[in-house]
Amino acid sequence: MTAPATPPRARFAPSPTGYFHVGSARAALFNWLFVRRHGGTFILRIEDTDEARNRPEWTEGIVAALDWLGMEPDEGPYLQSAQEVAHQAAIEALWSAGALYACSCTRQEIDARIKARAAAGDPTPGYDGHCRDLGLARGDGRALRFRTPDEGVVPVRDLVRGDVEFPLRALEDFICVKGNGKPLFVLANAVDDRTMTISHVIRGEDQLPTTPRQILLWNALNEAEQAALDLPSYAHLPLLVNESGKKLSKRRDPVAVEMYREQGYLPDAFRNYLALLGWSPGDQEILPVETLIERFRLEDVQRSPAYFDVKKLSHFNGVYIRALPVDRFTAAARPWLDPVPGEWAPGRWRDPDTGAPATVPPPWPEDRFDAHTFASLAAVTQERVAVLGEVPGLVDFLFLPDTPEDPDSWQKAVASDHEAPRILETALAHYETCPWEVDALHRVTLTIAESVGRKLGKAQAPIRVAVMGHTRGLPLFDSLVVLGRDETRRRIAAALSRLPPAT
RNA sequence: GGCCCCAUCGUCUAGAGGCCUAGGACACCACCCUCUCAAGGUGGCGACACGGGUUCGAAUCCCGUUGGGGCUGCCA
């Protein structure tokens with residue numbers, strides 16, 4: 001039951017939408033985990049048959065996102081739009097077998113009849129079979145409907161949900177060929193699964209209601225084509241929802257994988273987190289992908305919806321960042337600090353709907369960044385960020401020509417502290433001669449603190465803000481050492497000049 | 001409205017009749033550590049939706065109720 005008899009062939013079949021949806025990423029991941037677990041084939045198929053909304057670069061975006069997440073397909077990308085021959089053959093076969101009929105009803109007519117029916121007390125929804133036995137010819141912009149049986153049920157055997165039955169009396173004669181002769185999703189999807197010999201269909205739960213239609217079509221195709229292709233196994237994954245329990249919507253939820261990438265989430269962390277949405281590897285959650293693959297079972301997938309929790313994602317990301325060797329961290333942060341021309345960098349992506357960027361560029365002039373300087377503080381930076389996009393904010397003081405502007409910090413730690421001028425003046429004096437290394441600075445500053453009767457933690461604040469700009473940030477003395485004696489003193493002096501003289 | 005799915009801490013989950021005075025993780029709170037902030041450590045708060053069955057015994061099985069969600073397009 002668990003292990004497929006033969007290596008599975010599973011497909012991830014997104015439709016291009018302009019960005020990669022986290023729900024799609026999760027569906028892709030579960031397909032990928034399953035296939036890797038059983039030594040099967042991971043197939044990417046782009047469902048691009050809707051000519052109205054479809055652009056080549058959107059397909060590139062899907063490929064790029066999968067690549068980023070380390071889930072390159074074994075086959076594909078296949079374009080559904082390239083399967084036209086197979087689609088037309090299927091339509092012909094179904095038509096010849098009498099499984100289809102032409103329908104000339106307009107949406108308005110159908111709706112009017114539904115309304116009339118409801119008024120008469122008949123709650124049966126959907127199409128009423130008006131054209132079913134009219135023997136209408138094809139063409140003339142007529143859609144083709146599938147003749148669904150009126151009685152019985154369609155059983156769907158689902159690896160996640162168990163057996164589900166759909167009563168046929170609630171299933172209308174659905175359209176599967178548009179008036180222009182093109183197949184609709186429900187048909188194209190089934191046909192492609194046949195031609196690609198898909199063994200497992202792993203997709204979102206929102207697809208569950210269309211499954212009985214596809215099964216009907218599959219069986220009709222078997223009959224019409226004198227074939228005996230086995231139905232694929234189905235597995236419908238729980239939906240990803242927002243804080244109000246609704247399906248993640250592009251309107252108001254942050255769903256673009258590209259956005260998370262730009263904010264500085266690591267692909268491994270992102271993928272690890274995604275794996276936990278609707279599935280659990282056990283008490284330990286942060287695990288190497290090999291372990292995830294090893295433990296993954298469709299049967300263990302949760303049936304209830306999962307909330308996409310950015311906070312937990314961020315925690316995971318922080319753990320992954322801290323686990324990096326320093327040089328790998330430094331390299332990983334590079335695009336946010338000093339983009340390499342021609343290589344991927346944040347800032348290019350814009351939300352297709354709002355036009356909003358996911359990150360802001362570094363605040364310093366390009367030529368002021370120095371890789372060596374950053375490297376000397378990389379280790380202490382690494383411990384303090386949850387996402388790579390936070391890195392520039394921690395090291396801005398190093399590359400800006402002057403102390404970063406932060407009015408709140410200035411007000412809190414300098415302007416409103418009556419001891420600040422004294423502390424800064426003393427520091428300015430002591431820092432002129434003391435050895436320029438961490439321990440010495442620590443000792444000297446401690447002395448300054450004691451001279452004003454304060455703990456070091458309280459006394460360092462004005463100095464920190466005068467030099468680094470913010471009340472919170474990297475360890476002060478490490479930072480001063482890297483900044484240098486002269487620049488440190490220059491900034492302290494500059495801060496003093498903004499203040500009324502000490503009394 | 002019709003059809004379908006779902007129901008354990010705020011959130012993600014462990015749990016497949018006794019191992020459960022329900023475990024872990026995130027978040028939150030407190031304390032410790034500490035030059036700020038993080039990180040780390042310790043502790044705390046916190047859940048089996050409700051009602052009936054079945055059973056010696058139910059978070060686990062059955063039924064119902066309630067609640068939530070999905071689908072219901074000549075979109076995919």
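Just so we're clear, the structure is a prediction, and the values are computed from it rather than from any experiment.
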*Expressed in whole Å, how much space separates the C1' atoms belonging to rA22(B) and rC75(B)?*
45 Å

*So, is K115(A) close to the rG1(B) phosphate, meaning a side-chain N or O under 4.0 Å from OP1 or OP2?*
no

*What string of B, S and - do you get for nucleotides 36-44 of chain B, 5' to 3', if B is base contact, S is sugar-phosphate-only contact and - is no contact with any protein heavy atom under 4.0 Å?*
BBBSS----

*Both distances under 3.5 Å, Watson-Crick or G-U wobble: report the partner of rC31(B), or none.*
rG41(B)

*Cation-pi geometry met for R157(A) and Y234(A) (6.0 Å, 45°)*: no

*Sequence neighbours left out, what passes salt bridge (charged side-chain N to carboxylate O under 4.0 Å, His left out) with R11(A)? Give chain and number order.*
D193(A)

*Taking any strand in view, what nucleotide pairs with rG10(B) in a Watson-Crick or G-U wobble way, both distances under 3.5 Å?*
rC26(B)

*Taking only heavy atoms on the protein side, list every residue of residues 160-173 of chain A lying under 4.0 Å from any atom of RNA chain B, sorted numerically.*
R161(A), V164(A), E165(A), F166(A), P167(A), A170(A)

*Answer yes or no: are there more than 12 heavy-atom neighbours, outside R138(A) itself, under 6.0 Å from its atom CZ?*
yes

_So, using salt bridge (charged side-chain N to carboxylate O under 4.0 Å, His left out) as the criterion, who are the partners of D309(A) when residues are at least two apart?_
none

*C1' atom, rG17(B) versus rA58(B): distance in rounded Å?*
6 Å

*Expressed as a whole number of Å, how far does the C1' atom of rG23(B) sit from that of rG70(B)?*
32 Å

*Taking atom CZ of R117(A) as the centre, does the number of heavy atoms from other residues, nucleotides or ligands within less than 6.0 Å exceed 12?*
yes

*Under 4.0 Å between any heavy atoms, over every strand shown, what does Q80(A) touch: base, sugar-phosphate, or nothing? Just pick one.*
sugar-phosphate

*Donor + acceptor pair across side chains of R203(A), T211(A) (<3.5 Å)*: yes

*Are any non-hydrogen side-chain atoms of N189(A) and V201(A) less than 4.5 angstrom apart?*
no

*asked:* Checking base pairs now: Watson-Crick or wobble, both atom distances under 3.5 Å. What partners rC61(B)?
replied: rG53(B)

*Span that lies between the C1' atom of rA47(B) and that of rC20(B), in whole angstrom*: 13 Å

*Contact class for I175(A) (heavy atom, under 4.0 Å): base, sugar-phosphate, or nothing?*
base

*asked:* Please tell me whether F308(A) and Y273(A) form a close aromatic pair, meaning their ring centres lie under 6.0 Å apart.
replied: yes

_Only pairs with both distances under 3.5 Å count, Watson-Crick or wobble alike; so what is the partner of rG73(B) in this structure?_
none

*Pick the nucleotide of RNA chain B nearest each of S244(A) and I110(A); which residue has the one closer to the 5' end?*
S244(A)

*From SG (C103(A)) to CD (E109(A)), nearest 0.5 Å*: 8.5 Å

_Between rG67(B) and rC31(B), how many Å separate the two P atoms, rounded to a whole number?_
43 Å

_Go nucleotide by nucleotide along RNA chain B from the 5' end; which of P14(A) and H442(A) gets its closest nucleotide reached first?_
H442(A)

*asked:* Under 4.0 Å from OP1 or OP2 of rC74(B): is there any side-chain N or O of R107(A) that close?
replied: yes

*Answer yes or no: is there a side-chain heavy-atom contact under 4.5 Å between S15(A) and I46(A)?*
no

*Can you check the L239(A) CG to rC4(B) C1' distance for me, whole Å?*
13 Å

*Say you pick atom C1' in rC9(B) and the same atom in rC5(B); how far apart are they, in whole Å?*
24 Å

*Within-4.5 Å side-chain heavy-atom neighbours: V154(A) and E165(A)*: no

*asked:* Please give the distance between the C1' atoms of rC4(B) and rA25(B) as a whole number of Å.
replied: 32 Å

_Classify N242(A) by what it touches in the nucleic acid, base, sugar-phosphate, or nothing, heavy-atom distance under 4.0 Å._
nothing

*Could you work out the separation of rU65(B) and rG1(B) based on their P atoms and round it to a whole Å?*
14 Å

*Provide the Watson-Crick or G-U wobble partner of rC48(B), both distances under 3.5 Å; none if there is no partner.*
none

*For D158(A), what residues pass the salt bridge (charged side-chain N to carboxylate O under 4.0 Å, His left out) criterion, not counting sequence neighbours?*
none

*asked:* Distance alone, cut at 3.5 Å: any donor-acceptor contact between the side chains of N31(A) and H200(A)?
replied: no

*For every nucleotide of nucleotides 10-16 of chain B, 5' to 3': is a protein heavy atom under 4.0 Å from its base (B), only from its sugar-phosphate (S), or from neither (-)?*
-SBSS--

